[in-house]
Amino acid sequence: MLELEEVHTYYGTSHILQGLSFSVPERSCSVLLGRNGAGKTTTIHTIAGLVPPRRGSIRFMGREIAGERPHRIARMGIGLVPQGRRVFPSLTVEENLTVAGRSGPSGDGGRPWDLQRVYELFPALRERASNLGNQLSGGEQQMLAIGRALMTNPRLLLMDEPSEGLAPVVIERVGEAIRRLKEAGLSILLVEQHVSLACSVADEVLVMNKGRIVWQGSPESLLSDRPVQQRYLGV
């Protein structure tokens, strides 16, 4: 589904991604873990076209997308759930969703994502459909951000820190939604710092440090590897 090979990304003179290479198989959930500053969000932004890489290859479904404009990448079938949710505060829940709507087949092989299907995944959004984005709780805003990305009917969903700032009970609801999306067949690349959430949804875990992948394996292997957790995750 997605393959990065020797990707180098800079912010000004700061060399953030330093030869990053990994792949995301189709119909799976791959999770990027790492401390703050490891390069996780930069990875998401680079894939989505928000920060172009200076060197390296990014292939989506066999097509080179490195350096493409963000709107073109989105139209190819990559949906983004950004860090911090970034819902439109002056639009209602329903307007936040419909503004992102794009027709076409769903990436999970099911019926296309529309308002009805998003409301089935997140019933709380149906109840708050007429509320403004800035009237929602943090958990409701996160559900809205995920629903908005799904309305683009993506083949690959990029999720950047969806558990950030949420209460444990809400984190579990977000995790359940991710598991349902994965089981439905959607391909997911999830950036997280919440290790237990990450390992509960991941097919494969990738640990980042200083712009590179330093460990790769199953969730079970990571949970049993205390030195890796302590060295790279601070757990």
Practice problem: Let me see the working for R155 and E26 under salt bridge (charged side-chain N to carboxylate O under 4.0 Å, His left out), right down to the final yes or no. | Solution: CA-CA 9 Å; R155 299 290 302 271; E26 192 170 5; 3.6 Å; yes
Can you tell if the side chain of [X] reaches within under 4.5 Å of the side chain of [Y], non-hydrogen atoms only?
X	Y	value
V7	T9	yes
V87	L136	no
L233	V228	no
L190	L32	no
L206	W215	no
L125	L144	yes
D160	P82	no

Ignoring hydrogens and geometry, is there a side-chain-to-backbone donor-acceptor pair from [X] to [Y] under 3.5 Å?
X	Y	answer
R117	R111	yes
K40	L33	no
Q216	I213	no
S30	V24	no
S221	G217	no
Q229	L223	yes
E220	L222	no
Q230	P227	no
K210	I16	no

As an exercise, state the distance from [atom1] of [X] to [atom2] of [Y], rounded to the nearest 0.5 Å.
X	Y	atom1	atom2	value
E6	S21	CD	OG	4.5 Å
Q141	R128	CD	CZ	10.0 Å
Q142	E161	CD	CD	10.0 Å
H45	L158	NE2	CG	10.0 Å
T46	I58	OG1	CD1	6.0 Å
M151	W113	CE	CH2	10.5 Å

If you count every heavy atom of other residues, nucleotides or ligands that lies below 6.0 Å from [X] atom [atom1], does the total exceed 12?
X	atom1	result
R59	CZ	yes
R102	CZ	yes
R86	CZ	no

Looking only at heavy atoms, what is the nearest atom pair of [X] and [Y], with distance?
X	Y	value
G211	L20	O-CB, 3.8 Å
L17	M208	CD2-CE, 4.0 Å
L132	S90	CD2-O, 3.6 Å
I47	I65	O-CD1, 3.8 Å
A202	P219	O-CG, 3.2 Å
T152	A100	CG2-O, 3.4 Å

Quiz item: Which is it for L115 and T98 under the side chain to side chain contact (heavy atoms under 4.5 Å, CB included) test, yes or no, and what are the steps along the way?
Solution: CA-CA 7 Å; L115 284 174; T98 55; 3.7 Å; yes
Is it true that [X] and [Y] fall in one hydrophobic cluster, defined by side-chain heavy atoms closer than 4.5 Å?
X	Y	answer
M76	M61	yes
I146	L91	no
M159	V170	yes

Quiz prompt | side chain to side chain contact (heavy atoms under 4.5 Å, CB included) assessment of V81 paired with L150 | solution = CA-CA 9 Å; V81 181; L150 292 171; over 6 Å; no
Exercise. Apply the test side chain to side chain donor-acceptor pair (under 3.5 Å) to residues E94 and Y119: give CA-CA distance (whole Å), side-chain angles for both, the deciding distance (0.1 Å), then the verdict.
Key: CA-CA 10 Å; E94 192 153 311; Y119 289 155; 3.1 Å; yes
Quiz item: In chain order, what residues pass the salt bridge (charged side-chain N to carboxylate O under 4.0 Å, His left out) check against E183, with sequence neighbours excluded?
Solution: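 Per chain and number, E183 pairs via salt bridge (charged side-chain N to carboxylate O under 4.0 Å, His left out) with no residue.
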Quiz item: Are R148 and F88 in a cation-pi setup, meaning NZ or CZ lies under 6.0 angstrom from the ring centre and within 45 degrees of the ring axis?
Solution: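 Cation-pi check for R148 and F88: passes.
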Quiz prompt | Verdict with reasoning, E120 to R126, per salt bridge (charged side-chain N to carboxylate O under 4.0 Å, His left out) | solution = CA-CA 8 Å; E120 289 171 4; R126 186 195 302 276; 5.6 Å; no
Quiz item: side-chain contact (heavy atoms from CB on, under 4.5 Å) with V207: which of V31, D225, V214?
Solution: V214
Quiz item: Out of M143, H194, E192, which one pairs with P162 under the side-chain contact (heavy atoms from CB on, under 4.5 Å) rule?
Solution: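 Looking at M143, H194, E192, the match for P162 under the side-chain contact (heavy atoms from CB on, under 4.5 Å) is E192.
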Practice problem: For E176 and R179, run salt bridge (charged side-chain N to carboxylate O under 4.0 Å, His left out): C-alpha distance rounded to whole Å, both residues' side-chain angles, the deciding distance at 0.1 Å, then the answer. | Solution: CA-CA 5 Å; E176 178 58 29; R179 284 187 286 273; 3.5 Å; yes
Quiz item: Can you list the steps and then say if L4 with S23 is a side chain to side chain contact (heavy atoms under 4.5 Å, CB included)?
Solution: CA-CA 6 Å; L4 282 72; S23 61; over 6 Å; no
Quiz item: Run the side chain to side chain contact (heavy atoms under 4.5 Å, CB included) check on I78 and L157 step by step: do they pass?
Solution: CA-CA 6 Å; I78 296 181; L157 190 62; over 6 Å; no
Quiz item: Can we say D203 and K182 salt-bridge, meaning some charged N sits less than 4.0 Å from an Asp/Glu carboxylate O?
Solution: yes
Self-check item: Any residue meeting side-chain contact (heavy atoms from CB on, under 4.5 Å) with R69, in chain and number order, not counting sequence neighbours
Solution: H71, R72
Quiz item: Do S218 and E204 meet the criterion of a side-chain donor-acceptor pair at a distance under 3.5 Å?
Solution: no
